[in-house]
Amino acid sequence: MTQGFTLWLTGLSGAGKTTIAVELERELQARGVLVERLDGDTVRQGLTRDLGFSKADRDKNIERVTFVAKLLSRNRVGVIASFISPYREARDNARRETTNFIEVHVATPIETCAARDVKGLYAKAFAGELKDFTGVDDPYEAPLNAEITLHTENETLQESVQTVLDYLEAHNLIPVAEAAVSGD
Ligand code: ADP
């Protein structure tokens, strides 16, 4: 029986965390892996809707998510957590608390994130209409020892997803994909 794990996707807004997480969830489910996806935007509408974007609130946000990831991952669920999670210490705590923690730095440069501006937030942040925006006027502490670093600015979504799947396979955390076509 396979073990659980915690894939922790960290990076700036618009880096590609959610897009990669959704595709990973699909691929893992197709392989019969039990997965649960925890996403910053949806968690902030429920479990942590009382919290804002001060350092204290960002820390509480990640602390609660870590608790959920701990319960799931120790019970053989593959957790895919996608959160900006700008503070190293909070991520290191998630590393200590959860099972088979894998830090995935979605290291898209801010120029690319701002050019994408998926939610129009960078324009507002640069115009000073939105305060405490990570990477603009709030810190982002990049991982120092991430297990996986993804460069979405010069790789396709499928390439990024494959890098993560290869890592999980190599560490025996998921079954190896069956060959698509059998010759005999
Ligand atoms: P985040 O969750 O990090 O805030 P999103 O996943 O919401 O970011 O947005 C990332 C945007 O970048 C999406 O519009 C996505 O289609 C686009 N994108 C372009 N190339 C890639 C890639 N290689 N990987 C992931 N997203 C990409």
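Start at 1 and go down the list; that is how both ligands and their atoms are numbered. We use all heavy atoms of the structure for the numbers below, so side chains are in, but hydrogens, waters and symmetry mates are not. A quick note: this is a predicted structure, and the numbers were derived from the prediction, not measured.
- Inspection of the Glu155 and Ser160 side chains reveals an N or O donor paired with an N or O acceptor under 3.5 Å.
- Partners of Glu169 under the side chain to side chain donor-acceptor pair (under 3.5 Å) rule, at least two apart in sequence or in another chain, are Arg31.
- With sequence neighbours excluded, the residues forming a side chain to side chain donor-acceptor pair (under 3.5 Å) with Thr108 are Thr152, listed by chain and number.
- Using a 4.5 Å heavy-atom cutoff, the side chains of Leu9 and Ile80 are in contact.
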Acceptor/donor pairs from residues 118-132 side chains to any protein atom, 3.5 angstrom cut, sequence neighbours excluded:
unit_1 : atom_1 : unit_2 : atom_2 : d
Lys119 : NZ     : Asp41  : OD2    : 3.0
Tyr122 : OH     : Ser13  : O      : 2.6

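- Side-chain atoms of Arg58 and Thr134 include a donor-acceptor pair closer than 3.5 Å.
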Anything under 3.5 Å between an N or O on ligand 1 and a protein N or O? List each pair with its distance, or write none.
unit_1   : atom_1 : unit_2 : atom_2 : d
ligand 1 : 2 (O)  : Thr18  : N      : 2.8
ligand 1 : 2 (O)  : Thr18  : OG1    : 2.8
ligand 1 : 3 (O)  : Ala15  : N      : 3.2
ligand 1 : 3 (O)  : Gly16  : N      : 2.9
ligand 1 : 3 (O)  : Lys17  : N      : 2.8
ligand 1 : 3 (O)  : Lys17  : NZ     : 2.7
ligand 1 : 4 (O)  : Gly14  : N      : 2.7
ligand 1 : 6 (O)  : Thr18  : N      : 3.4
ligand 1 : 6 (O)  : Thr19  : N      : 2.9
ligand 1 : 6 (O)  : Thr19  : OG1    : 2.5
ligand 1 : 8 (O)  : Gly16  : N      : 3.1
ligand 1 : 12 (O) : Arg116 : NE     : 3.3
ligand 1 : 12 (O) : Arg116 : NH1    : 3.2
ligand 1 : 20 (N) : Arg116 : NH2    : 3.4
ligand 1 : 23 (N) : Glu155 : O      : 2.9
ligand 1 : 23 (N) : Leu157 : N      : 3.3

